[in-house]
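Below, chain A is the first sequence line, B the second, and so on; all start at residue 1. What you are looking at is a predicted structure, and each value in this text was computed from that prediction instead of being measured.
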Amino acid sequence: MPELPEVETTRRGIAPHLIGVPIREVTIRNYKLRYPVSKTLDQISGDRVIDIHRRAKYLILHLEKSGSLIIHLGMSGSLRLSDPAIELKKHDHVILDLTSGKQLRFHDPRRFGIYLHLPKEDPLKHSLLSKLGPEPLSDEFTPAVLKHACAGRKTPIKQVIMDNKVVVGVGNIYASESLFRAGIRPTTPAARLSGPKLARLVETIRQVLSESIEQGGTTLRDFVNSDGQPGYFAQRLFVYGRESELCRICKAPIRQKVIGQRSSYWCPKCQK
DNA sequence: CGAACCTCCTGCGGGC
DNA sequence: TGCCCGCAGGAGGTTC
């Protein structure tokens with residue numbers, strides 16, 4: 001679930017319930033995530049979150065007195081507000097009890113997620129965050145930046161836009177979708193693309209991600225009560241997960257191939 | 001340095 | 001119904 005728009009939706013969904021509300025208690029039910037959950041996490045009891053930022057697909061929760069939290073949802077993670085009376089589920093690994101009477105539950109079946117406490121260090125200087133490329137929706141992600149990243153590289157363009165050093169937050173779904181909208185085959189060697197094509201790609205990446213965030217906004221309202229499976233993506237997808245189905249534009253059958261270990265989809269007619 | 005491949009883990013759907 | 005296999009929205013790490 002968590003592509004960038006989902007993470008942004010999570011941020012917006014939890015912020016109003018979390019910011020300024022003292023944390024009463026921290027419960028860690030399973031330390032074994034991608035990295036062990038920080039041993040110092042219980043130090044945040046009594047403190048409160050003053051701000052929540054997103055960088056790439058990382059959420060950064062700034063605490064008033066005890067530093068910050070870095071949370072990543074991995075492939076299968078979610079952060080949900082819950083009524084404590086509702087029974088904990090399998091894979092609810094970290095629980096924050098808030099003085100509001102709600103809980104923030106980190107749920108992650110595959111445990112590729114991250115839940116770190118940085119008591120002092122500037123989270124942006126943490127090694128996970130310090131080497132990231134530009135945000136796709138910021139002014140820093142320009143055609144020139146993408147052009148530079150593509151120069152001299154035979155790597156398929158899809159892998160380039162999924163490279164976090166080039167631009168962050170473009171996940172597997174949106175890589176395929178952006179390339180479709182730009183009319184570029186995912187297999188195209190990066191260096192072979194013209195300036196205008198790459199400029200178009202920058203545009204479609206922005207477009208696809210912003211649109212999805214807007215869609216995330218639709219689930220925002222019921223986010224708290226949501227059982228977590230937003231179905232709103234599917235209707236907007238042109239190619240992802242649609243192998244052999246007909247292109248919504250030209251009716252050609254959508255093709256699928258693994259590129260860089262990830263399933264990739266394209267329309268053989270619309271994308272050259 | 002880039003590129004290819006591996007890894008962590010659980011759940012689900014398809015085939016038999 | 002059950003078992004086995006392949007695959008899944010991420011991304012850091014290793015090796016050459």
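- Using a 4.0 Å heavy-atom cutoff across all strands shown, A:K165 reaches no nucleic acid atom at all.
- One interatomic measurement links the two molecules: NZ of A:K32 to C1' of B:dT10, which rounds to 13 Å at whole-angstrom precision.
- Residue A:R255 places its CZ atom among 12 or fewer non-hydrogen atoms of other residues, nucleotides or ligands, all under 6.0 Å distant.
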**Request:** Using a 4.0 Å heavy-atom cut-off, write out nucleotides 10-16 of chain C from 5' to 3' as B (base contacted by protein), S (sugar-phosphate only) or - (no contact).
**Result:** BBB----
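- Ion pairing of A:K125 with A:E121 is absent here, as no side-chain N (NZ or NE/NH1/NH2) approaches a carboxylate O to less than 4.0 Å.
- In this structure, A:Y265 atom OH and C:dG9 atom C1' are separated by 11 Å, rounded to whole Å.
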**Message:** The test is ring pair (Phe, Tyr, Trp, His ring centres under 6.0 Å); show your working for A:H93 and A:H107 and say whether it passes.
**Reply:** CA-CA 6 Å; A:H93 303 310; A:H107 178 88; 7.1 Å; no
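- Residue A:S76 places none of its side-chain N or O atoms closer than 4.0 Å to OP1 or OP2 of B:dC9.
- The environment of A:D83 atom CG is dense: over 12 non-hydrogen atoms of other residues, nucleotides or ligands sit within 6.0 angstrom.
- One interatomic measurement links the two molecules: CD of A:E243 to C1' of C:dA8, which rounds to 15 Å at whole-angstrom precision.
- Residue-environment remark: NZ (A:K165) stays at or below the threshold of 12 foreign heavy atoms within 6.0 Å.
- Straight-line distance from the CG atom of A:D92 to the C1' atom of B:dC9: 16 Å, rounded to whole Å.
- Look at CD on A:Q256: it is 10 Å from C1' on C:dC7, rounded to the nearest Å.
- One finds a side-chain N or O of A:H91 lying less than 4.0 angstrom from the OP1 or OP2 phosphate oxygen of B:dG11.
- Between A:Y174 and C:dG9 there is no side-chain polar atom (N or O) within less than 4.0 angstrom of OP1 or OP2.
- Remark: B:dC9 base-pairs with no nucleotide in the shown strands. Criterion, Watson-Crick or G-U wobble with two distances under 3.5 Å.
- Nucleotides C:dG12 and B:dG11 are separated by 23 Å at their C1' atoms, to the nearest Å.
- Separating the CG atom of A:D108 from the P atom of C:dA8 is a distance of 18 Å, rounded to the nearest angstrom.
- Remark: the separation of the P atoms in C:dT14 and B:dC9 is 16 Å, to the nearest Å.
- The nearest whole Å value for the distance from the NE2 atom in A:H93 to the P atom in B:dC9 is 12 Å.
- In this structure, a donor-acceptor pair under 3.5 Å is absent between the side chains of A:Y115 and A:S38.
- Counting heavy-atom neighbours within 6.0 Å of A:H148 NE2, excluding the residue itself, gives a total of 12 or less.
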